[in-house]
Number of protein chains: 2
Amino acid sequence: MTGTRSTGRRERLRIETTAEIKRTALELMGSGGPDAITLRAIAREMGMTANAIYGYFATRDDLVTALISDVYTALADAVDAAWAASAQDAPAERIQAWARAFRNWALANPEGFRLIYGDPVPGYQAPAGGAAPDAARRVCVGIAALADAAWGGAEQAYGDADFGWDDFDPGLLDKVRPAFPALPPAGVALALRIWGHLHGLVTLEVYGHLRAQTLSPDKLFHAELTHLVRSLGLAPGAPR
Amino acid sequence: MTGTRSTGRRERLRIETTAEIKRTALELMGSGGPDAITLRAIAREMGMTANAIYGYFATRDDLVTALISDVYTALADAVDAAWAASAQDAPAERIQAWARAFRNWALANPEGFRLIYGDPVPGYQAPAGGAAPDAARRVCVGIAALADAAWGGAEQAYGDADFGWDDFDPGLLDKVRPAFPALPPAGVALALRIWGHLHGLVTLEVYGHLRAQTLSPDKLFHAELTHLVRSLGLAPGAPR
DNA sequence: GCGAAAACTATACGGCGTGAAGTTTCTGAA
DNA sequence: TTCAGAAACTTCACGCCGTATAGTTTTCGC
């Protein structure tokens with residue numbers, strides 16, 4: 001009768017307000033870009049004083065950090081879901097599904113994409129640890145899954161460079177090696193190379209640099225994706 | 001005795017001051033990131049009032065636009081020079097030289113790179129025309145030269161996608177088609193694909209996303225570059 | 001019912017871009 | 001040589017921002 005018992009009313013309100021602050025910040029970002037995330041604007045929107053937000057986030061950067069974590073997690077969820085939803089025995093289609101999910105998410109959430117991968121907000125400096133690096137790592141592990149799925153056919157084209165385990169961040173390897181024991185260092189390198197490859201096309205498109213040159217970035221991306229899959233020794237799956 | 005006659009003393013001072021403002025802005029950016037570009041800081045550094053800058057740039061965005069033009073032109077100069085300095089009859093080495101110049105410039109001028117390709121400064125929105133798009137186009141034309149040089153061997157791997165001239169911006173084609181008459185639409189697409197490909201790796205590295213995962217982004221880049229050259233049907237040249 | 005803690009407001013400071021108005025300095029012609 | 005006018009620059013002002021400090025209200029646990 002008195003609502004949830006496990007968490008007090010106060011705590012519940014606190015959680016709700018925290019969520020509302022973040023939601024409002026994301027709305028502002030969506031309509032006015034990353035610079036629209038100002039404590040005062042958020043407070044105005046919520047009918048409170050700017051300083052009240054300090055009860056929830058110690059500083060504006062902390063809020064931005066929380067937003068990045070949330071947004072990055074959403075991206076990781078999206079690509080992981082696309083990967084999980086694709087047929088396990090069709091590596092080419094899985095990779096294409098992953099890449100399309102990455103690009104589609106970026107195009108659907110351009111402000112979020114800039115928040116994650118660009119200069120998010122004036123003067124913001126990412127903290128060392130936290131949830132955002134975790135999400136980044138999740139994305140990397142996701143790409144490692146791509147590399148692992150394709151390694152059989154890709155080894156010939158990508159296995160010649162002499163990578164060693166000490167070329168990579170231990171924190172990444174802690175996640176990758178147990179998950180993909182058969183993947184050698186060059187395979188991890190392949191994962192990062194794929195990431196960079198796709199990232200570049202998507203970044204240019206999201207930031208508008210590509211749109212100034214071509215009218216069909218979509219075609220460009222899919223051509224390059226098909227090429228990548230072939231390059232990995234796989235037969236490209238059906239488009240779309 | 002009275003100095004240059006073609007331009008008055010006043011005009012000369014004006015040009016010098018304009019240059020000093022831009023130089024100071026670039027210094028501030030170099031030491032404090034793109035957000036350090038504030039009219040007040042520049043003025044402080046130069047011993048004037050912030051409003052005095054309004055005599056030279058109508059608004060802060062105009063100053064940023066001018067900086068982007070300058071920096072973008074410097075990048076275009078750097079890659080063009082590397083291209084011109086490499087042997088004309090060794091397309092693989094030319095491409096590698098171009099790509100290395102691109103990456104090296106980005107790593108040497110990370111702040112400039114973010115200024116060009118990132119969210120440069122809070123709220124800044126690029127104007128439609130001007131020198132910056134020209135420099136961007138110059139870079140694109142430079143990559144088109146790569147594609148043109150490699151098209152003979154690359155056509156097999158990159159020529160299947162059905163691109164037409166109407167997939168591209170007319171302004172780009174105005175520059176590219178006269179310079180490379182033999183290059184078909186798919187070749188122009190290849191240029192943009194190469195651009196995106198390299199851009200991604202460099203962007204991740206400059207923004208620190210890659211460094212969180214690998215300790216040798218250099219190795220990664222060169223492995224990918226070698227792969228790219230091979231993929232273009234060329235034999236990679238000597239490293240470094 | 002009450003004391004403490006949590007949530008929130010009020011006020012203030014320095015920094016930002018920028019507009020309006022005033023002041024100094026230079027220039028070119030009478 | 002003088003002097004109007006333009007150019008360069010300063011001063012003052014406004015409203016924005018993040019945020020520190022202090023004070024006020026609301027709510028919870030006993």
Side-chain angles (χ1 to χ4, degrees), chain A residues 1-21 24-25 28-29 31-67 119-125 127, chain B residues 1-21 24-25 28-29 31-67 119-125 127:
Chain A
M1 310 295 173
T2 55
T4 320
R5 210 177 300 107
S6 63
T7 63
R9 189 182 111 85
R10 205 150 193 167
E11 190 178 346
R12 207 164 2 99
L13 278 178
R14 186 180 180 76
I15 291 171
E16 272 172 25
T17 306
T18 306
E20 190 184 349
I21 291 171
T24 308
L28 286 169
M29 183 181 70
S31 61
D35 349 316
I37 305 178
T38 69
L39 297 184
R40 293 179 125 105
I42 294 168
R44 217 178 295 129
E45 205 79 18
M46 292 177 62
M48 24 167 16
T49 309
N51 280 28
I53 298 178
Y54 282 89
Y56 299 88
F57 298 94
T59 186
R60 196 208 48 159
D61 274 17
D62 282 17
L63 169 58
V64 171
T65 301
L67 291 177
D119 294 318
V121 197
Y124 173 77
Q125 199 64 9
Chain B
M1 312 295 177
T2 56
T4 319
R5 210 178 301 107
S6 63
T7 62
R9 188 182 109 85
R10 208 148 192 169
E11 189 178 346
R12 205 163 5 97
L13 280 178
R14 186 179 180 76
I15 291 170
E16 272 172 27
T17 306
T18 306
E20 190 186 348
I21 291 171
T24 309
L28 285 169
M29 184 181 69
S31 61
D35 347 317
I37 304 177
T38 68
L39 297 185
R40 294 180 124 106
I42 294 168
R44 216 178 295 130
E45 206 80 16
M46 291 177 64
M48 29 172 3
T49 308
N51 281 29
I53 298 179
Y54 282 88
Y56 299 88
F57 298 94
T59 186
R60 196 208 47 159
D61 274 18
D62 282 17
L63 170 58
V64 171
T65 300
L67 292 178
D119 295 316
V121 200
Y124 174 78
Q125 200 63 10

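Numbered from 1 within each chain, the chains take letters A, B, ... in sequence-line order.
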* To do: For residues Leu13(B) and Glu16(B), determine if any side-chain heavy atom of one lies less than 4.5 Å from a side-chain heavy atom of the other.
  => yes
* Interatomic distance where CZ belongs to Arg40(A) and C1' belongs to dT19(D) [whole Å] -> 8 Å
* Does any non-hydrogen side-chain atom of Phe57(A) lie less than 4.5 Å from one of Thr18(A)? -> yes
* To do: Give the rounded distance in Å between these two atoms: CD1 of Ile42(A) and C1' of dC16(D).
  => 15 Å
* With rounding to the nearest 0.5 Å, note down the distance linking CE in Met46(A) to OG1 in Thr24(A). => 5.0 Å
* Asked: Shortest non-hydrogen contact from Ala50(B) to Arg40(B)?
  -> CB-CG, 3.8 Å
* Asked: What closest approach, in Å, do Ile37(B) and Ile42(B) show between heavy atoms, and which atom pair accounts for it?
  -> CG2-CD1, 4.3 Å
* Structure fact -> Going 5' to 3' through nucleotides 6-11 of chain D and flagging B where a protein heavy-atom sits under 4.0 Å of the base, S where only the sugar-phosphate is that close, and - otherwise, we get BBSSBB
* Rounded interatomic separation in angstrom, taking OH from Tyr54(B) and C1' from dA13(D) -> 14 Å
* **Interface limits on DNA chain C, where chain B has a heavy atom under 4.0 Å of a nucleotide atom** => dC16(C) to dT27(C)
* Structure fact -> Rounded to whole Å, the CD1-P distance (Ile21(A) to dG18(D)) equals 13 Å
* Structure fact -> Shortest non-hydrogen pair, Thr59(B) vs Tyr54(B), comes out as CA-CE2, 4.2 Å
* Asked: What integer distance in Å separates Leu13(A):CG from dT27(D):P?
  -> 9 Å
* To do: Any chance you could measure Leu67(A), atom CG, to Asp61(A), atom CG, to the nearest 0.5 Å?
  => 11.0 Å
* Please list, chain by chain and in numerical order, all residues satisfying side chain to side chain contact (heavy atoms under 4.5 Å, CB included) with Ala41(A), sequence neighbours excluded. => Leu28(A), Thr38(A), Arg44(A)
